[in-house]
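Shown next, in structure tokens, is the structure this report addresses.
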Amino acid sequence: MAARDLTTLANVKAYLAITDANSDALLTRLITAMSYSFVQDAGRDILRKTYSEIFDGNHERILRRPIPSAWIGPGFAFALNLADRVIGDPVVLVDGVAIAKRVGLTGSGWVLLDGYRLEFVGVTFVDLTTDVGNTSITYDAGQYIPAEAATIPASGPYTIQASQSLGTFLADLGVVYASTGVALTLVPSAPAVGQYSVNATGLYTFAAADQGAAISLSYTHLPSDVEDCVIEMVAFKFHRRDRLDQVSATIGGQTVSFNREAWPVTVQRVIDRWRRTPV
């Protein structure tokens, strides 16, 4: 499985009811190709990725507008849509100066709305018509579960399986105590109080001393509908290879017509649903 693949060989073979290894090489290549195709057609990455974006002060994506809500205050604000849902806090530099995250409902700084829209409040762009490359934003983005509520069992084993209700667990992003927001420390194994370990399938292990504690899990995931869509894309390409450009065939006196569209409508609907919002 390549690093950016959006499904696995085992899942594709299960869908196609293939039990031998005769087509493994072809299916593996199609998985990587169709994963890339999904990302290109949707115009966005699904898996976690680091972005480093540099803008001119007058870039069309930086919108200057009157501030519309009382909580922001008087004057003007600047807004910018980022590539995808941000994981953690972005690092923002304007004219070489770090812009801090706005704390509370007063003061200046940046505010992240809806997970991807960056609002600059009280931030001055020195010259919106001439500044070149003066705005730099670095951030991680991708699909993730930000705060899945769970409780460490009162008796052993002191483990919690990530629910993965929206898709397959990919990587841990941290655990905090729900009551205080204090982060637990990730360790390879045998966690003590205030520590945890996690395996590749999202099984979290805690110390007996933390029994009964309410916690919040954060982790990246592969959305189920995206994976199912890529599996269908692979299957479509796999079956189509024997009838390229064939419109129909007569079998047993009956004429069978073949789909000539780029993708089945079920695939296109998922791609459209995940299509990146224009920025």
Side-chain angles (χ1 to χ4, degrees), residues 1-12 14-15 30-53 61 80-92 101 110-119 137-150 160-176 178 183 186 196 198-204 215-234 263 266-279:
M1 183 175 178
R4 308 299 291 182
D5 285 355
L6 297 177
T7 189
T8 64
L9 178 61
N11 288 347
V12 168
Y15 180 84
L30 285 175
I31 287 169
T32 299
M34 294 304 99
S35 297
Y36 179 79
S37 182
F38 182 95
V39 169
Q40 293 302 303
D41 286 357
R44 67 191 300 180
D45 272 281
I46 301 300
L47 304 182
R48 183 174 184 172
K49 178 181 176 180
T50 298
Y51 296 83
S52 293
E53 300 191 83
R61 282 175 60 189
L80 174 70
N81 284 357
L82 300 180
D84 210 333
R85 193 177 184 199
V86 176
I87 299 172
D89 287 345
V91 176
V92 182
K101 183 177 183 178
W110 58 261
V111 180
L112 188 66
L113 303 176
D114 299 323
Y116 71 93
R117 184 171 182 80
L118 200 63
E119 296 272 356
I137 305 174
T138 303
Y139 58 98
D140 280 7
Q143 299 304 304
Y144 74 104
I145 304 298
E148 183 174 292
I160 295 173
Q161 176 64 56
S163 71
Q164 305 177 76
S165 58
L166 299 178
T168 304
F169 176 94
L170 292 178
D172 169 60
L173 290 177
V175 179
V176 300
L186 175 64
Y196 72 98
V198 60
N199 68 10
T201 63
L203 182 66
Y204 287 78
I215 49 111
S216 292
L217 312 174
S218 298
Y219 56 91
T220 59
H221 72 292
L222 173 57
S224 298
D225 62 336
V226 171
E227 181 173 15
D228 288 347
C229 180
V230 172
I231 290 173
E232 190 173 351
M233 292 166 73
V234 171
W263 300 120
T266 49
V267 166
Q268 194 59 54
R269 283 174 179 168
V270 176
I271 292 173
D272 290 344
R273 186 163 62 245
W274 280 92
R275 198 177 300 280
R276 175 179 171 177
T277 303
V279 292

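In this chain, numbering begins with 1 at the start of the sequence shown.
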For Thr8, give me all partners under side chain to side chain donor-acceptor pair (under 3.5 Å), at least two apart in sequence or on another chain. Asn11
Could you give me the CA-CA distance, side-chain angles and deciding distance for Gln143 and Val226, then say whether side-chain contact (heavy atoms from CB on, under 4.5 Å) is met? CA-CA 11 Å; Gln143 299 304 304; Val226 171; over 6 Å; no
Closest approach of Ser224 and Gly167, non-hydrogen atoms and distance? OG-CA, 3.3 Å
To the nearest 0.5 Å, what is the distance between CD (Glu119) and CG (Leu113)? 5.0 Å
Under 3.5 Å side-chain donor-acceptor pair for Asp89 and Trp110: no
Distance (rounded to the nearest 0.5 Å) between Ile145 CD1 and Leu166 CG: 4.5 Å
Please find the pair of heavy atoms, one from Ala183 and one from Val176, that lie closest to each other, and give the distance. CA-CG1, 3.8 Å
Is the side chain of Asp172 donor-acceptor paired with the backbone N or O of Gly174 at a distance under 3.5 Å, no angle test? yes
If we ignore hydrogens and angles and just use 3.5 Å, is the side chain of Arg4 paired with the main-chain N or O of Ser35 as donor and acceptor? no
How long is the straight-line distance from CG of Asp140 back to CZ of Arg85, given to the nearest 0.5 Å? 14.0 Å
Test of understanding: with ring pair (Phe, Tyr, Trp, His ring centres under 6.0 Å), list the residues that count as partners of Tyr51, not counting sequence neighbours. Tyr139
Is Leu30 close to Val12 at the side-chain level, that is, under 4.5 Å between some pair of heavy atoms? no
Asp228: salt bridge (charged side-chain N to carboxylate O under 4.0 Å, His left out) partners, not counting sequence neighbours: none
Residues in ring pair (Phe, Tyr, Trp, His ring centres under 6.0 Å) contact with Tyr144, at least two apart in sequence or another chain: none
For Asp5 versus Leu47, what's the shortest heavy-atom pair and its separation? O-CD1, 3.9 Å
Test item: Tyr116 and Asp84 side chains (from C-beta on) under 4.5 Å apart, heavy atoms: no
What are the two closest heavy atoms between Val230 and Phe38, and how far apart are they? CG2-CB, 4.1 Å
side-chain contact (heavy atoms from CB on, under 4.5 Å) between Leu6 and Glu227: does it pass, once the steps are laid out? CA-CA 6 Å; Leu6 297 177; Glu227 181 173 15; 5.9 Å; no
Check this for me: Arg269, atom CZ, are more than 12 non-hydrogen atoms of other residues, nucleotides or ligands nearer than 6.0 Å? no
Which heavy-atom pair separates Ala178 from Ser216 by the least distance, and what is that distance? CB-OG, 4.3 Å
Roughly how far apart are Asp225 CG and Leu222 CG, rounded to 0.5 Å? 9.0 Å
Residues which pass side-chain contact (heavy atoms from CB on, under 4.5 Å) with Asp41, listed by chain and number, not counting sequence neighbours: Ser37, Trp263, Ile271
Distance from Lys49 atom NZ to Ile87 atom CD1, nearest 0.5 Å? 13.0 Å
Distance-minimising heavy-atom pair for Val198 and Leu186: CG1-CD1, 4.0 Å
Taking only Lys NZ, Arg NE, NH1 and NH2, and the carboxylate oxygens of Asp or Glu, determine whether Arg275 and Asp272 approach each other closer than 4.0 Å. yes
Can any side-chain N or O of Glu148 pair as donor or acceptor with the backbone N or O of Ser163 at less than 3.5 Å? yes
Indicate yes or no: at least one non-hydrogen side-chain atom of Gln161 is less than 4.5 angstrom from one of Leu203. yes
Residue set satisfying ring pair (Phe, Tyr, Trp, His ring centres under 6.0 Å) with Tyr196, at least two apart, ordered chain then number -> Tyr204
Would you give the length of the straight line joining atom CH2 of Trp274 to atom CD1 of Ile46, rounded to the nearest 0.5 angstrom? 5.0 Å
Polar side chain donor-acceptor pair, Tyr219 to Gln164, under 3.5 angstrom: no
